[in-house]
Q: 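Sharing a structure, written as structure tokens. Questions coming.
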Amino acid sequence: MQQSSSLRQQASFGTTTRKDAWWVEPVLVGLGFAAFIIYATFRAFENNYFEIGPYLSPFYSPKFNFDWWHMSPAFLILWIPAGFRATCYYYRKAYYRAYFADPPACAVGHFGGEKYCGETTFPLVLQNLHRYFFYLATIVLAVLWYDTVKAFFFNGAFGVSIVNLIMLANVILLSGYSFGCHACRHLVGGKLNCFSANACTKSQFKIWHWVTRLNEHHMLWAWLSLFSVGFTDFYIRQVACGAFPELQFF
Amino acid sequence: MPEATLKVFRSKGDTNTFETYKVPIEDGMVILDAIHYIQQHYAPDLAVRWNCKAAKCGSCSAEVNGKPSLMCKTRMDDFTTGEEITVEPLRTFPLVKDLVTDVSWNYQVNKKIPPFTTNDNGEWVIYQEDIERVQEFRKCIECFLCQDVCHVLRDHDRKDAFMGPRFLVRTAGLDMHPKDTLNRSKYVKEQGGIGLCNITKCCSEVCPEEIHITDNAIIPMKERVVDQFYDPVTMFLNKIFNNKKKLV
Amino acid sequence: MSENQNYETHECDVLVIGAGGAGLRAAIEASAQGVSVALVCKSLLGKAHTVMAEGGIAAALANVDAEDNWKTHFRDTMLGGKMLNNWRMAQLHAQEAPLRVKELEHWGAVFDRTKDGKILQRAFGGHTYKRLCHVGDRTGLEMIRTLQDRGIHQGIDVYMECTITKLLKDGDRISGAFGYYREDGRYVLFQAKAVILATGGVGKSFSVTSNSWEYTGDGQALAYEAGADLIDMEFVQFHPTGMVWPPGVRGLLVTEGVRGEGGILRNTNGERFMFKYIPEANKKDFAETDEEAARWVEAAVNGQKTDARRPPELSTRDNVARSIYTEVKEGRGSEHGGVYLDISYQDPERVKKKLPSMYHQFKDLADVDITAQPMEVGPTMHYIMGGIRVDADTQASRVPGLFAAGECSGGMHGANRLGGNSLSDLLVFGQLAGAGAANYAKSLSSTPSVSNEQIKSAIDDLEEPFKADKNVNPFDLHKELNQIMSTYVGIFREEEDLRTGLEKLNQLKEKIKHASSSPNKIYNPGWHLCRDLQHMMISSEAITRGALNRKESRGAHSRLDYPATDPEYGKCNTSIFQQGDEMKVEMTPCPEMPCELKELFEKKH
């Protein structure tokens, strides 16, 4: 039996006795978001290659064309999904850990000052308005569904291509993400205390139950839909600038 | 017989050290068995809190290799042979001695929560789907690992303003009970400090009962607070259709 | 000897020692009656052994089987206890359990529900009908949490991690209790008009037990030393299904709920052996074939009626424990010395839902997936039926001001307790004890005084292990006690074994006087154990003496040398009390059951 090491350490950034690679997750998450943000910003400024034939990039849908707006129309749209995701309960967890390091991982010392207010003061108190972004994002989602359906018709004739299949996959993933949202779960039935009270609450229970099923994998939906929305835009861009083929099957 | 090496946090008067002990490993052994072995063979005064040894009472909470865990549930064969295993007390609460900390703050917080209140004194008819959410919360064994890992309490030491995940779970369990007549939104916002939670989910990660603390308790409570205090539409609707539950 | 006479003092009308189900319920009741209440517990609040109770609370609510009523419950309890029970306690228990369960529900306990929204009930060994109200397999946790939250909002003062080592008396009457805080060794005096003991059982005297470290027989020892008598201490229940592997969890409880939900016991040859162990007299109540038992389970799972009879695994605990023991002893045991309990033939999702903590317990601790593999189980010391003799209606012991409820009291369960009757016992008699003690406290015209001499002797006793001439490791002594009790006073007993056991206990008693501890009072488990050992010795000796004295086999007490049940012994309780320094054993007649209750046993049911 021998004696070794020291006192209880003070909590400072990165302090932990964890021996596993706790930093891998926040690093990967941080890189993943950064990659998407850089690509999306680039695409928003590019203001080109977002539409070809019946296909419209989700970054530019709904397509606005106002005389008074001189910048890329993407900016008129993107704040909605950006706001929806920025206030999303999953994303909040992910970026508070990856970018604010508050905390970087469980039982690992945080980064930053003494004064911690969580989400009680401006600007983070605005996270509470997540449900309004959910309403807006649902409208945008409806438009994306419309775009997708439209993408299957070439001058009135039904056709299937790699592009409209990608668009379809994208809207399905986006729907899975949006309707598994915590705010949505609350609004459809989570706010009730008694589900069996009457016929109305009983049907609310059924909807709540479905939303709960989606919500259990909210993180997965969040990542898949983030990737798919970027990829859809990327593919349409490549087709529009002639780099990728359209690959129409029939 | 194979041996394990444990570095155990010991307090000797005012100084704290890690002491290293060698413990023979048996099949299916858990950290608490090793601690008991040390107690019996090397250090009868090694302080450790435990009761059931079956992950049902939540007494033997500690930090094993830096991870908040129940010692009775952490198996020795989860570690590689020859690895040094560190065992420390919960960091968030004041140290009493060795692996024992003073968790009395939690009991003070619990006492302040508006209790279960009902006005229905008859025979209760409640359906299973109405209580499934509440039953999940009531699985809690009060091991306080979530309180320990929560950075609001652990790093920022906001015990003055934040009730912690355990008691948000408890409050949610009361609020969602179909026969309860109180609405605790105001309480969790003002006394409970729910806004201090930034849903980084470490509580859910360490919960030995696998309660979805954040997704099923804290976030729904946050949404209830939004209904009451942040969403102008629901606030307006609440005024018109006077909610039956009493706001506390 | 220390001259340090510093201790803190608290005054209350009623002091409750032990904060499990019985203690909490008693404290709530006493407080509701308007007296001041202090509640002391050895652990943190809410960690008491009640959290380990899994299967459910027996109460004849008749939600699932409409034929059920208190009389059937009473009858089941008496038959399960081999008629040695205090009939009045069994009657009160059967009558009041439904009220207590509904009350608990109204305090916020969330029981599993039937399809029509009532409290769901499941089958258990020895119960004629499906009677156990439950919450998955964590009923005890639900109960203790509900009581705890009710209690703290009622103005009860709770003293956590505090051990009581001595009851104080003013003449014949109780005047308080003395003890120490585990956290820092600070001494504490409680001045009280009445004391309720609710300290639970004695499991830590045995090596294979489902009990936690707290179960050191404190209540039995405190009462014995204060002049109360203990009854029927020889009746120690071995739960048939404890885990047998891995070694670290040997003895850990596997809920009877597994069998209630259709679990099948098999030996290593795959034989469903329980069929052959059902006593002749009960054969008519149990299924005779696999097929009939399967039909019963099928119906139970779907909440339907059936004419099939119960599976043989639902025999009483004493019988199942002996059967398993016999199978293993005769060489038909499993790899690690148990038998197989199998629920894996059922739908995995249902098993996980109905037995979640069993699922996790086996998965996490033994690498066994109970939805796919059988469990290995064997008997484990679980409960003591005997305890402090109390009056049925008030739970008062023979010492004025001393009350007892729950496992540490005796009489209710006779020679064998039915599963599920313990949680209901805690609630029913906790409530009665609370009321009894509150009334007693109110009736006192003056507050009893405490004597400094008694306090001084309590302190001296506590500081004994610090003396320089002490040199024995208390953990070694504890292990020795475990070995003695498990070897000589186990499931099957014999005159010679018991005599050897008693002799060894006497030798151990001497050694315990030399138990030593480092003189550090801050959370020092070694020091705590030195004191606990003295309490363990008293109950261990009482069990052994009681077992020696009862020359018959009855319920949980099985004598190889007296295998038959002797009707003469059935008329008497074993009573144990202190006379001078000696432990005395006497047989005292059981209270006579009134005619209208006797009739219940004559009628064909």
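When reading the values below, keep in mind they use all heavy atoms of this one structure, side chains included, and skip hydrogens, waters and symmetry mates. Chain letters run A, B, ... following the sequence lines, proteins first, then strands; residues in each count from 1.
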Q: Which value, rounded to the nearest 0.5 Å, describes the distance between Cys140(B) atom SG and Leu141(C) atom CG?
A: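 Between Cys140(B) SG and Leu141(C) CG, I get 8.0 Å after rounding to 0.5 Å.
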
Q: Heavy-atom pairs under 4.5 Å with chain B: which of Val249(C), Asp476(C), Asp367(C) has the most?
A: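 Looking at each option in turn, the highest pair count goes to Asp367(C).
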
Q: Please flag which part of Leu252(C) lies under 4.5 Å from any non-hydrogen atom of chain B: side chain, backbone, both or neither.
A: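 Answer is side chain: those atoms of Leu252(C) sit under 4.5 Å from chain B.
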
Q: Has Gln135(B) got a side-chain atom pairing as donor or acceptor with Val135(C)'s backbone, closer than 3.5 angstrom?
A: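 Judged by distance alone, no pair lies under 3.5 Å.
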
Q: At a heavy-atom separation under 4.5 Å, does Arg49(B) approach chain C through its side chain, its backbone, both, or neither?
A: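 Both parts, backbone and side chain.
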
Q: Evaluate the criterion side-chain contact (heavy atoms from CB on, under 4.5 Å) for residue pair Arg145(C) and Arg170(B); output intermediate values, then yes/no.
A: CA-CA 11 Å; Arg145(C) 208 59 87 224; Arg170(B) 172 153 148 68; over 6 Å; no

Q: Enumerate by number any residue of residues 52-60 of chain B whose heavy atoms lie under 4.5 Å from heavy atoms of chain C; in the absence of such residues, state 'none'.
A: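 Counting heavy atoms that sit under 4.5 Å from chain C, the residues of residues 52-60 of chain B involved are Cys52(B), Lys53(B), Ala54(B), Lys56(B), Cys57(B), Gly58(B), Ser59(B).
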
Q: Can you tell me if His153(C) uses its side chain to pair, donor with acceptor, with the backbone of Pro114(B) under 3.5 Å?
A: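 Looks like no, no N/O pair under 3.5 Å.
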
Q: Determine the minimum heavy-atom distance between Tyr127(B) and Asp116(C), stating which atoms define it.
A: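 Residues Tyr127(B) and Asp116(C), closest heavy atoms: CE2-C, 3.8 Å.
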
Q: Side chain, backbone, both or neither: which part of Met243(C) has a non-hydrogen atom closer than 4.5 Å to chain B?
A: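 Met243(C) has no heavy atom closer than 4.5 Å to chain B.
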
Q: Looking at Leu46(B) and Pro525(C), what are the two nearest heavy atoms and their distance?
A: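 Answer, listing the atom of Leu46(B) first, then Pro525(C): O-CG, 3.1 Å.
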
Q: Working to the nearest 0.5 angstrom, can you tell me the gap between Arg138(C) CZ and Lys139(B) NZ?
A: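 Answer rounded to 0.5 Å: 7.5 Å.
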
Q: Is any NZ, NE, NH1 or NH2 atom of the basic residue among Glu105(C) and Lys179(B) found under 4.0 Å from an Asp or Glu carboxylate oxygen of the other?
A: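 No, no charged N to carboxylate O under 4.0 Å.
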
Q: Please classify the contact between Gln361(C) and chain B as side chain, backbone, both or neither, with a heavy-atom cut-off of under 4.5 Å.
A: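 Only the side chain of Gln361(C) comes within 4.5 Å of chain B.
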
Q: Where on Arg75(B) is there a heavy atom nearer than 4.5 Å to chain C: the side chain, the backbone, both, or neither?
A: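 Looking at Arg75(B), just its side chain touches chain C.
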
Q: Would you sort out whether Glu123(B) and Lys118(C) count as a salt bridge (charged side-chain N to carboxylate O under 4.0 Å, His left out), showing the intermediate values?
A: CA-CA 9 Å; Glu123(B) 290 276 326; Lys118(C) 294 184 201 156; over 6 Å; no

Q: Side chain from CB out, backbone as N, CA, C, O: work out which of these in Lys102(C) comes under 4.5 Å of a heavy atom of chain B, or both, or neither.
A: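 Just its side chain gets close to chain B.
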
Q: Using non-hydrogen atoms only, which part of Glu26(B) is less than 4.5 Å away from chain C: side chain, backbone, both, or neither?
A: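 Side chain of Glu26(B) only, per the 4.5 Å heavy-atom cut-off to chain C.
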
Q: By a 4.5 Å heavy-atom criterion (distance strictly below it), what part of Asn520(C) contacts chain B: side chain, backbone, both, or neither?
A: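 Asn520(C) touches chain B through side-chain heavy atoms alone.
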
Q: Which bit of Val48(B) comes within less than 4.5 Å of chain C, counting heavy atoms only: side chain, backbone, both or neither?
A: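 The backbone, not the side chain.
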
Q: Can you list the steps and then say if Arg113(C) with Asp130(B) is a salt bridge (charged side-chain N to carboxylate O under 4.0 Å, His left out)?
A: CA-CA 10 Å; Arg113(C) 315 304 296 188; Asp130(B) 290 327; over 6 Å; no

Q: Quick check: closest heavy atoms across Val110(C) and Arg138(B), and the distance to 0.1 Å?
A: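 For Val110(C) versus Arg138(B), the nearest heavy atoms are CG2-CD, 3.6 Å.
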
Q: Can you tell me how far apart NE2 (His528(C)) and CG (Asp45(B)) are? Round to the nearest 0.5 Å.
A: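 Those atoms lie 10.5 Å apart.
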
Q: Between His360(C) and Glu209(B), is there a side-chain heavy-atom distance shorter than 4.5 Å?
A: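 Sidechains of His360(C) and Glu209(B): no contact.
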
Q: Do Leu120(C) and Gln128(B) touch side chain to side chain, with heavy atoms closer than 4.5 Å?
A: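 They are not in contact (no side-chain heavy atoms under 4.5 Å apart), so the answer is no.
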
Q: Is the side chain of Asn473(C) donor-acceptor paired with the backbone N or O of Gln40(B) at a distance under 3.5 Å, no angle test?
A: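 Yes, Asn473(C) side chain to Gln40(B) backbone: donor-acceptor pair under 3.5 Å.
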
Q: Less than 4.5 Å to any heavy atom of chain B: does that hold for the side chain of Ile119(C), its backbone, both, or neither?
A: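 Answer is neither: Ile119(C) stays 4.5 Å or more from chain B.
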
Q: Quick check on Glu214(C) against chain B: is it the side chain, the backbone, both or neither that has a heavy atom closer than 4.5 Å?
A: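 For Glu214(C), side-chain heavy atoms alone lie under 4.5 Å from chain B.
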
Q: Tell me, side chain or backbone of Trp527(C) under 4.5 Å from chain B's heavy atoms, or both, or neither?
A: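 Neither; nothing under 4.5 Å.
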
Q: Go through the atoms of Ile141(B) and report whether side chain, backbone, both or neither lie under 4.5 Å from a heavy atom of chain C.
A: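 Ile141(B) touches chain C through backbone and side-chain heavy atoms alike.
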
Q: Looking at Gly108(C), Ser357(C), Ala366(C), which has the largest count of heavy-atom pairs under 4.5 Å with chain B?
A: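 Between Gly108(C), Ser357(C), Ala366(C), the count favours Gly108(C).
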
Q: Relative to the ring of His106(C), is the ring of Trp124(B) parallel (under 30°), tilted (30 to 60°) or perpendicular (over 60°)?
A: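 If you compare the ring of Trp124(B) with that of His106(C), the planes turn out parallel.
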
Q: Tell me, side chain or backbone of Val100(B) under 4.5 Å from chain C's heavy atoms, or both, or neither?
A: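 Just the side chain, heavy atoms under 4.5 Å.
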
Q: Is atom NZ of Lys186(B) surrounded by more than 12 heavy atoms (other residues, nucleotides or ligands) closer than 6.0 Å?
A: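 Open.
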
Q: Please rank His49(C), Lys42(C), Glu54(C) by heavy-atom pairs under 4.5 Å with chain B and give me the top one.
A: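 Most heavy-atom pairs under 4.5 Å with chain B: Glu54(C).
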
Q: Lys115(C) versus chain B, heavy atoms under 4.5 Å apart: side chain, backbone, both or neither?
A: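 Contact with chain B involves the backbone of Lys115(C) alone.
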
Q: Below 4.5 Å from any heavy atom of chain B, which atoms of Tyr215(C) appear? Answer side chain, backbone, both or neither.
A: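 It is neither, since no heavy atom gets under 4.5 Å.
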
Q: Measure Asp33(B) against the heavy atoms of chain C and call it side chain, backbone, both or neither at under 4.5 Å.
A: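 The side chain, not the backbone.
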
Q: What part of Thr146(C) gets closer than 4.5 Å to chain B, counting heavy atoms only: side chain, backbone, both or neither?
A: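 For Thr146(C), the contact with chain B is made by backbone and side chain together.
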
Q: Under 4.5 Å, counting heavy-atom pairs only, tell me which of Gln148(C), Arg150(C), Arg182(C) racks up the most with chain B.
A: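 Looking at each option in turn, the highest pair count goes to Gln148(C).
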
Q: Which residues in residues 105-113 of chain B have a heavy atom less than 4.5 Å from any heavy atom of chain C?
A: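 If one takes a 4.5 Å heavy-atom cut-off, the residues of residues 105-113 of chain B near chain C are Tyr107(B), Asn110(B), Lys111(B), Ile113(B).
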
Q: Is there a side-chain contact between Pro247(C) and Asp27(B) (heavy atoms, below 4.5 Å)?
A: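 In short, these two side chains touch, coming nearer than 4.5 Å.
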
Q: So what's closer than 4.5 Å to chain B heavy atoms on Asp184(C): side chain, backbone, both or neither?
A: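 It is neither, since no heavy atom gets under 4.5 Å.
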
